[in-house]
Structures are given as structure tokens and as C-alpha cells.
Amino acid sequence: GHSIEYFIEGGRSRTGRLLQPRTGMLSMTVRSYLRDPKRPVVFLPVYFGYERVVEANTYIGELSGRPKQKESALDLLRAWRVLREKFGRVHVNIGEPIQLDEMLERHAPGWRGQRFEDDTRAGWVGRLVGDLATRIMCHINGAAAVTPINLLAVTLLATPRQAMSIADLERQVDLYLALLRDSPYSARTTVTALNGAEVIAYGESMQ
């Protein structure tokens with residue numbers, strides 16, 4: 001009878017790309033429900049989008065070959081400098097809910113007539129959990145927020161030298177915005193209301 005929050009990726013992606021789902025908590029939730037299916041279970045995928053992440057410089061260093069540094073108490077003392085910087089907005093979007101009963105009926109139509117104990121290892125349960133994990137990730141992706149920083153990044157990183165004239169940049173961003181609005185990826189995807197010129201100005205304000 002309680003809501004439970006857990007992060008199916010096991011951590012936060014620093015690139016914006018979804019990570020491979022970890023199915024441990026998902027499997028525990030499904031198996032617990034199979035043992036005592038009194039209250040219906042619904043999975044509510046949630047998308048978190050950051051315009052800028054605190055560890056950006058560290059991540060760039062790791063991509064360049066530097067080993068990942070361990071966190072220390074000294075890092076906490078240095079954090080006050082970082083927290084004074086501008087990191088933009090955090091976008092939180094709700095994906096399409098997933099009813100566990102519907103998934104169970106699809107994978108094992110007669111599941112209500114079976115008895116599930118702690119040691120039950122029905123092969124279809126593992127397949128159900130894998131399918132459920134994939135579906136959750138797809139629904140998270142479907143609720144993505146397209147921000148001004150996303151648009152600037154995808155445009156500039158696609159150029160040979162990560163640079164272009166402001167006029168060309170503005171036109172390219174406007175083109176992406178038109179495509180996103182004319183052919184939306186999902187009904188739950190949100191797109192910035194800014195135009196190309198305003199997107200550039202916003203990016204400059206974020207440095």
C-alpha cells in the first residue's frame with residue numbers, strides 16, 4: 001500500500017543517454033506481488049533531465065583518459081564554489097504508466113491460478129522482468145524534455161569543429177524545433193518554447 005521510488009538504471013547518466021536497466025528491485029517487486037496479489041501494482045516511469053551536470057568537467061577528464069577520482073571530505077569543502085555556478089533547470093516529466101497485471105496476462109494468462117513461493121523460479125517471470133525493464137526505459141525516453149542546451153549541443157557537436165556562425169546555428173536550431181513539433185517522438189515529450197535566437201541567448205546566459 002505504499003509508493004516505492006527506485007532508480008532502475010542504478011545511478012544517474014552524465015551523458016543524458018539511458019543506462020542499461022538493473023532489474024534487481026524490479027524482480028523483487030514482481031515476485032512480491034505474485035506471492036500476494038491483493039493490491040494492483042503500477043509502474044510510473046519518471047524522466048529527470050539536467051541542463052548542466054555538476055560533474056561535467058570530471059566526466060570530460062575521464063573521457064580523455066584520466067582515471068575516475070574517488071570522492072573525499074575535501075571535495076565537500078570545495079563544493080561551495082561549484083554550487084554558486086548556474087546549472088539551469090531540472091526537468092521532471094511523467095511517462096506513460098505500466099499496469100503489472102496487463103504485463104502478467106500477456107506473459108502468463110493463467111498466472112492467478114499458480115502458487116508462488118519464495119523459491120519459485122518460473123522461467124517466464126525472468127522474461128517478464130526483462131520485458132518490463134525495457135518497457136519502463138522506453139516510457140522514460142518517451143517522456144524526455146528537449147531543452148535549449150540539448151538543441152545547442154546536438155547542433156554544435158555535429159559540426160566538424162564544433163563551431164558555426166550564429167546565423168547558421170539559429171537556422172539549424174529552428175529546423176530541429178520545427179521537426180520536433182511536426183513529428184513529435186511521443187505525446188509526452190516536451191519541447192522548449194524558445195525559438196532559435198532565444199535558444200542561443202539562453203545558452204550564452206548559461207556560459
Side-chain angles (χ1 to χ4, degrees), residues 5 7-22 42-66 68 81-99 130-207:
E5 176 190 25
F7 297 88
I8 192 169
E9 296 171 271
R12 182 159 58 94
S13 167
R14 290 181 295 182
T15 65
R17 290 186 178 186
L18 296 177
L19 305 175
Q20 189 72 18
R22 307 284 182 87
V42 178
F43 293 94
L44 191 64
V46 181
Y47 170 89
F48 292 93
Y50 302 84
E51 290 185 338
R52 184 181 166 202
V53 293
V54 176
E55 316 98 313
N57 291 332
T58 306
Y59 184 61
I60 291 169
E62 289 173 21
L63 288 176
S64 303
R66 274 195 309 224
K68 186 175 181 179
R81 294 181 189 169
V82 176
L83 295 176
R84 294 173 66 184
E85 297 179 29
K86 190 172 182 180
F87 289 92
R89 297 177 179 175
V90 177
H91 296 262
V92 182
N93 288 348
I94 305 300
E96 184 182 348
I98 300 167
Q99 303 272 352
D131 185 16
L132 183 58
T134 301
R135 191 167 295 239
I136 289 171
M137 299 301 282
C138 288
H139 287 203
I140 291 173
N141 209 40
V146 181
T147 71
I149 304 304
N150 296 150
L151 291 165
L152 288 173
V154 75
T155 305
L156 289 171
L157 291 173
T159 61
R161 297 186 181 181
Q162 285 73 62
M164 62 198 307
S165 71
I166 288 181
D168 288 341
L169 178 59
E170 185 178 328
R171 279 195 297 270
Q172 191 66 33
V173 170
D174 279 328
L175 173 62
Y176 285 145
L177 286 167
L179 290 170
L180 285 161
R181 288 164 184 155
D182 291 344
S183 303
Y185 177 76
S186 160
R188 292 177 181 261
T189 302
T190 57
V191 181
T192 177
L194 304 181
N195 61 32
E198 291 167 336
V199 164
I200 294 170
Y202 184 83
E204 289 176 333
S205 74
M206 289 277 293
Q207 299 182 345

With sequence neighbours left out, what residues match [X] under side-chain contact (heavy atoms from CB on, under 4.5 Å)?
X	value
Pro97	Val42, Leu44, Arg188
Phe7	Glu5, Phe48
Ala144	Tyr47
Asn141	Leu18, Tyr185

Under 3.5 Å, sequence neighbours excluded: what are the donor-acceptor pairs made by side chains of residues 196-207?
| residue | atom | partner | partner atom | Å |
| --- | --- | --- | --- | --- |
| Glu198 | OE1 | Asn195 | N | 2.9 |
| Tyr202 | OH | Glu51 | OE1 | 2.5 |
| Tyr202 | OH | Glu51 | OE2 | 3.4 |
| Ser205 | OG | Tyr202 | O | 2.6 |

Taking the side chain as every heavy atom from C-beta outward, state whether [X] and [Y] have any atom pair closer than 4.5 Å.
X	Y	value
Thr189	Pro184	no
Ile98	His139	yes
Val146	Leu177	no
Leu194	Leu151	no
Ile140	Val46	no

Identify the two heavy atoms, one from [X] and one from [Y], that lie closest to each other, and give their separation to 0.1 Å.
X	Y	answer
Thr190	Asn93	OG1-ND2, 2.9 Å
Ala158	Val154	CB-O, 3.5 Å
Ala145	His91	CB-CB, 3.6 Å
Ser186	Gly142	OG-O, 2.9 Å

**Report entry** Residue pairs passing the side chain to side chain donor-acceptor pair (under 3.5 Å) test where at least one lies in residues 161-170, sequence neighbours excluded
**Finding:**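 Side chain to side chain donor-acceptor pair (under 3.5 Å) check on residues 161-170 returns Ser165-Asp168, Asp168-Arg171.
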
Query raised in the report: About how many Å separate CD of Glu9 and CE of Met137, when rounded to the nearest 0.5 Å?
Result: 4.0 Å

Report task. Decide if atom CZ of Arg52 counts as having more than 12 heavy atoms of other residues, nucleotides or ligands within a radius under 6.0 Å. Result ->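 Enclosed.
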
Query raised in the report: Side-chain donor-acceptor pair under 3.5 Å between Asp131 and Thr134, yes or no?
Result: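 No, Thr134 and Asp131 have no side-chain donor paired with an acceptor closer than 3.5 Å.
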
